[in-house]
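Have a look at the structure below, then the notes.
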Amino acid sequence: MERSGLEFILLETWTAIRRNLLITLAAIGNMTVSVAILGAFVVGAINLDYMASLQAKSASISVWLHDDADAGDIEAKLFGDLRVKETEFVSKDQAQQEWAEMAGVDPEALKIAGNPLSDIVRVKVADPDDMAAVAEFAEQLPGVAEVLYSRSVFDKILLLSHGIKVSGVVVGLLLVAATMLIVSTTIRLTIYARRREIRIMQLVGATNWFIRAPLVFEGAFQGIVGGILAAIALTIGYAYLHSYLAESLQFIKIVYSAQFLTAFALGLILAGALFGTAGAFISANRYLSEA
Amino acid sequence: MEGVGLVYPDGTRALRSIDLHIERGEFSFLVGASGSGKSSLLALVYREFVPTEGRVIVAGQDVAALPRRMVPYLRRQVGVVFQDFRLLPDKTVWENVGFALDVLGTGRKEKHHKVPISLELVGLADKSDAFPHQLSGGEQQRVSIARALVNAPPVLLADEPTGNVDPDVSWDIVQLLANIAERDTTVVVGTHDKYIVDRMRRRVVNLVQGTVVRDAKQGGSYDGT
């Protein structure tokens with residue numbers, strides 16, 4: 001297309017936005033709220049999943065060895081497994097020391113009674129999902145007396161984490177569908193406000209592409225502005241939440257880094273742009289196929 | 001048009017077995033009472049509707065067989081003027097005419113060349129910067145004619161072009177349309193203005209209840225008298 005064509009489309013877009021200021025503002029408001037709700041949901045799901053994975057990652061498997069076992073060989077075999085992230089050898093004496101500290105007993109006093117414990121290899125897995133399989137693998141190794149990890153707690157955390165992922169995707173998709181519906185309905189208003197121009201454009205032989213372009217640009221504009229507003233609101237709110245948690249509820253950890261916030265804000269703006277563009281496209285197509 | 005019929009989706013029959021041939025550069029009136037099918041007939045030409053029967057051929061093209069995406073290109077060949085002018089109220093006269101070129105992606109240079117020619121033709125060169133509400137009905141109709149002509153279409157349709165203007169101005173409008181026909185443009189004017197039709201003495205096609213009851217080739221009058 002010639003340059004003047006694009007110029008015309010952008011100019012038309014801008015005039016329409018200025019002229020229908022009230023409708024534009026309403027559309028942007030709608031977009032802001034929709035994107036913000038979706039964003040709040042996404043960030044909530046991300047954090048629930050993050051907390052669950054923190055719990056899962058801190059969990060380790062304790063592999064108790066027989067007294068005559070070759071600890072170095074067993075640790076090497078465990079570490080050789082690709083699912084294992086790290087291993088740590090804890091000698092019988094260290095184990096007793098740790099236990100004494102935890103129990104608040106003088107370790108020297110305990111030593112007199114002898115050491116009923118055995119050498120331990122602590123194993124951390126890379127993916128919490130592999131926990132059970134790695135534990136089974138460890139059990140089969142010669143020289144291993146017992147394998148311990150808090151299976152029931154662990155399984156619940158895994159279940160929760162999976163639940164969050166699945167329901168997150170389902171609810172997320174529903175929210176996206178609802179947002180699209182709101183957005184495309186709002187953009188229908190804009191189109192309706194411009195039906196006279198559209199009619200004349202059709203009569204003088206403008207292609208549908210040409211009629212649609214300013215409407216789609218307008219939708220994209222509304223979406224981007226709505227996305228920016230939602231990003232500002234949510235980022236500020238999130239920063240407040242973070243500083244509140246850091247002060248009063250330290251055991252709750254949320255994802256927080258400049259990188260995360262930037263990605264989140266950009267994601268919201270992009271989502272707004274996508275919703276606006278797609279919504280306008282759908283509405284414009286529907287309108288043009290009816291006319 | 002060959003054996004053309006049109007039935008609206010709601011079952012109303014608008015047109016029945018119409019055979020009509022209009023030469024290039026010919027000026028003709030399409031007359032009949034309201035609801036006789038004048039607007040429907042014109043709408044078939046710019047493919048607002050697709051005939052349910054028969055063929056409509058415009059400049060060698062079968063309009064009904066035209067794929068949807070080609071309709072805009074047909075409409076560039078057919079200028080249309082309406083009773084209610086259909087101007088954009090917040091654009092000046094110049095911009096309203098230029099708009100028809102803008103939406104075709106016409107370059108700035110070409111636009112600045114064509115718009116003044118078109119406005120000159122309808123005698124409104126001095127009102128370029130006026131807004132539609134500052135003009136009389138007759139002037140507004142001239143603007144809409146200028147818009148229909150700016151792209152130099154071979155066919156110009158006018159649906160009740162004098163319906164909203166004063167009687168003495170009506171005559172000027174129709175004279176203008178007749179002059180346009182002199183420039184090798186086919187002009188079809190749908191009207192029920194008896195005075196004008198009788199005074200012009202041109203070809204008159206009379207529609208009654210969706211069929212052609214009379215086609216006076218030359219020197220026709222509104223009711224055949």
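Chain letters run A, B, ... following the sequence lines, proteins first and then strands; every chain starts at 1.
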[X] versus chain A, heavy atoms under 4.5 Å apart: side chain, backbone, both or neither?
| X | answer |
| --- | --- |
| K111(B) | neither |
| R69(B) | neither |
| P153(B) | neither |

I want to check something: taking the side chain as every heavy atom from C-beta on, are L149(B) and L156(B) in contact at a cut-off of under 4.5 Å? yes

What option among F99(B), Y46(B), F82(B) has the most heavy-atom pairs under 4.5 Å with chain A?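 Of the candidates given, the most pairs with chain A belong to F99(B).
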
If you tally heavy-atom pairs under 4.5 Å between each of V71(B), L74(B), V80(B), D90(B) and chain A, the highest tally belongs to D90(B)

In terms of the angle between their ring planes, are F29(B) and F27(B) parallel, tilted or perpendicular, with boundaries placed at 30° and 60°?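 Geometry flag for F27(B) against F29(B): perpendicular rings.
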
In terms of ring plane angle, is the pair H242(A) and Y256(A) parallel, tilted or perpendicular, where the classes change at 30° and 60°? parallel

For Q134(B) and K127(B), run side chain to side chain contact (heavy atoms under 4.5 Å, CB included): C-alpha distance rounded to whole Å, both residues' side-chain angles, the deciding distance at 0.1 Å, then the answer. CA-CA 10 Å; Q134(B) 297 169 320; K127(B) 299 267 168 116; over 6 Å; no

If you apply the rule side-chain hydrogen bond (donor to acceptor under 3.5 Å, both in side chains), what do you find for Q141(B) with S144(B), and how did you get there? CA-CA 5 Å; Q141(B) 191 57 289; S144(B) 90; 2.4 Å; yes

